[in-house]
Amino acid sequence: MDLTTTTARWAPQMLSVLRIVSALIFMAHGTQKILGFPPSAMNPAMFSLSWIAGVLELVGGALLLIGLFSRPVAFVLSGEMAFAYFIAHAPKSLYPALNGGDAAILYCFVFLYIVFAGPGPWSVDAQRARGRY
């Protein structure tokens with residue numbers, strides 16, 4: 001087998017890995033805002049924009065982690081990250097490296113990719129599509 005054949009064979013599984021790792025890292029932002037872990041000075045008031053973002057990050061991240069309702073969840077999270085970038089980061093500077101918004105941009109486009117590519121084979125959605133649930 002050549003490299004192209006091997007990489008093409010593993011592309012669906014790597015899509016699942018991208019989804020899982022992105023969701024795990026993303027959930028850490030939600031746990032920080034909602035559960036106070038890892039500890040930080042961030043403690044948003046209930047129903048504030050930061051608190052709602054934390055709930056989306058925690059719950060949406062968990063759903064994306066297991067691959068349940070992946071496309072609609074990824075769509076909402078992509079929008080959240082676009083909103084977060086323009087509300088919290090863009091006003092600080094035009095350049096993402098200076099305004100701290102590079103992670104928000106990456107999450108936005110990773111989640112947007114998942115909307116179109118799907119969750120990959122290692123997901124509850126894939127299992128449900130195969131009729132196992």
Side-chain angles (χ1 to χ4, degrees):
M1 274 195 243
D2 65 350
L3 183 61
T4 302
T5 305
T6 302
T7 55
R9 182 172 179 260
W10 283 95
Q13 289 81 3
M14 292 311 298
L15 174 58
S16 290
V17 170
L18 175 66
R19 175 185 48 79
I20 291 165
V21 171
S22 297
L24 277 172
I25 298 169
F26 193 67
M27 280 179 64
H29 295 279
T31 61
Q32 187 176 35
K33 291 177 181 107
I34 302 302
L35 305 176
F37 183 82
S40 75
M42 188 177 295
N43 188 16
M46 193 174 279
F47 300 109
S48 66
L49 280 178
S50 291
W51 184 85
I52 292 168
V55 170
L56 286 171
E57 291 159 2
L58 188 58
V59 175
L63 288 170
L64 214 52
L65 176 67
I66 64 172
L68 181 61
F69 308 121
S70 301
R71 290 176 194 261
V73 168
F75 182 77
V76 169
L77 296 181
S78 177
E80 177 203 358
M81 288 294 94
F83 184 77
Y85 180 78
F86 287 108
I87 295 296
H89 299 285
K92 295 177 188 174
S93 171
L94 177 64
Y95 305 105
L98 298 178
N99 68 24
D102 41 0
I105 294 169
L106 281 171
Y107 279 125
C108 179
F109 283 95
V110 166
F111 295 149
L112 189 61
Y113 177 68
I114 292 170
V115 170
F116 290 93
W122 298 337
S123 65
V124 174
D125 289 340
Q127 294 297 313
R128 290 175 65 208
R130 287 191 279 261
R132 295 192 182 172
Y133 284 110

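The figures that follow rest on heavy atoms only: side chains count, while hydrogens, waters and symmetry mates do not. Numbers here are sequence positions counted from 1.
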**Q** ring-ring contact (aromatic ring centres under 6.0 Å, His included) with Phe47: which residues, sequence neighbours excluded?
**A** Trp51

**Q** Let me confirm one number: the CE-CG distance from Met27 to Leu64, rounded to the nearest 0.5 Å.
**A** 10.5 Å

**Q** Test of understanding: with side chain to side chain donor-acceptor pair (under 3.5 Å), list the residues that count as partners of Thr4, not counting sequence neighbours.
**A** none

**Q** Could you give all pairs that pass the salt bridge (charged side-chain N to carboxylate O under 4.0 Å, His left out) test and reach residues 46-55, with sequence neighbours left out?
**A** none

**Q** Distance from Leu18 atom CG to Ile114 atom CD1, nearest 0.5 Å?
**A** 5.5 Å

**Q** Strictly by salt bridge (charged side-chain N to carboxylate O under 4.0 Å, His left out), give each pair with a member in residues 78-90 just once, sequence neighbours left out.
**A** none

**Q** May I have all residue pairs that pass side-chain hydrogen bond (donor to acceptor under 3.5 Å, both in side chains) and include part of residues 63-77, sequence neighbours excluded?
**A** Ser70-Asp125

**Q** Side-chain polar contacts of residues 88-95 - donor-acceptor pairs under 3.5 angstrom, sequence neighbours left out - could you list them?
**A**
{"from": "His89", "atom 1": "ND1", "to": "Asn99", "atom 2": "O", "distance (Å)": "3.1"}
{"from": "His89", "atom 1": "ND1", "to": "Gly100", "atom 2": "O", "distance (Å)": "3.4"}
{"from": "Ser93", "atom 1": "OG", "to": "Tyr95", "atom 2": "N", "distance (Å)": "3.2"}

**Q** Filter on salt bridge (charged side-chain N to carboxylate O under 4.0 Å, His left out), then keep only pairs touching residues 31-42, sequence neighbours left out; what's left?
**A** Lys33-Glu57

**Q** Got a sec, which pairs hit side-chain hydrogen bond (donor to acceptor under 3.5 Å, both in side chains) with one end in residues 20-30, sequence neighbours left out?
**A** none

**Q** Kindly write out the residues that satisfy ring-ring contact (aromatic ring centres under 6.0 Å, His included) with Trp10, not counting sequence neighbours, or none if the list is empty.
**A** none

**Q** Got a second to check how far Ile20's CD1 is from Ile25's CD1, nearest 0.5 Å?
**A** 12.0 Å

**Q** Mind checking whether Met14 and Val21 sit in one hydrophobic cluster, side chains of I, L, V, M, F, W, Y counted as touching below 4.5 Å?
**A** yes

**Q** What salt bridge (charged side-chain N to carboxylate O under 4.0 Å, His left out) pairs are there with at least one residue in residues 109-120, not counting sequence neighbours?
**A** none

**Q** Side-chain contact test, heavy atoms from C-beta onward, threshold under 4.5 Å: evaluate it for Trp122 versus Gln13 and give yes or no.
**A** yes

**Q** Tell me, do Ser16 and Pro119 make a side-chain contact under 4.5 Å, heavy atoms counted?
**A** no

**Q** Who clusters with Val115? Use side-chain heavy atoms, under 4.5 angstrom, across I, L, V, M, F, W and Y, and order the result by chain and number.
**A** Phe75, Tyr85, Phe86, Ile105, Phe109, Leu112, Phe116

**Q** Got a sec, which residues hit side chain to side chain contact (heavy atoms under 4.5 Å, CB included) with Ala117, two or more places apart in sequence or on another chain?
**A** Leu15, Tyr113

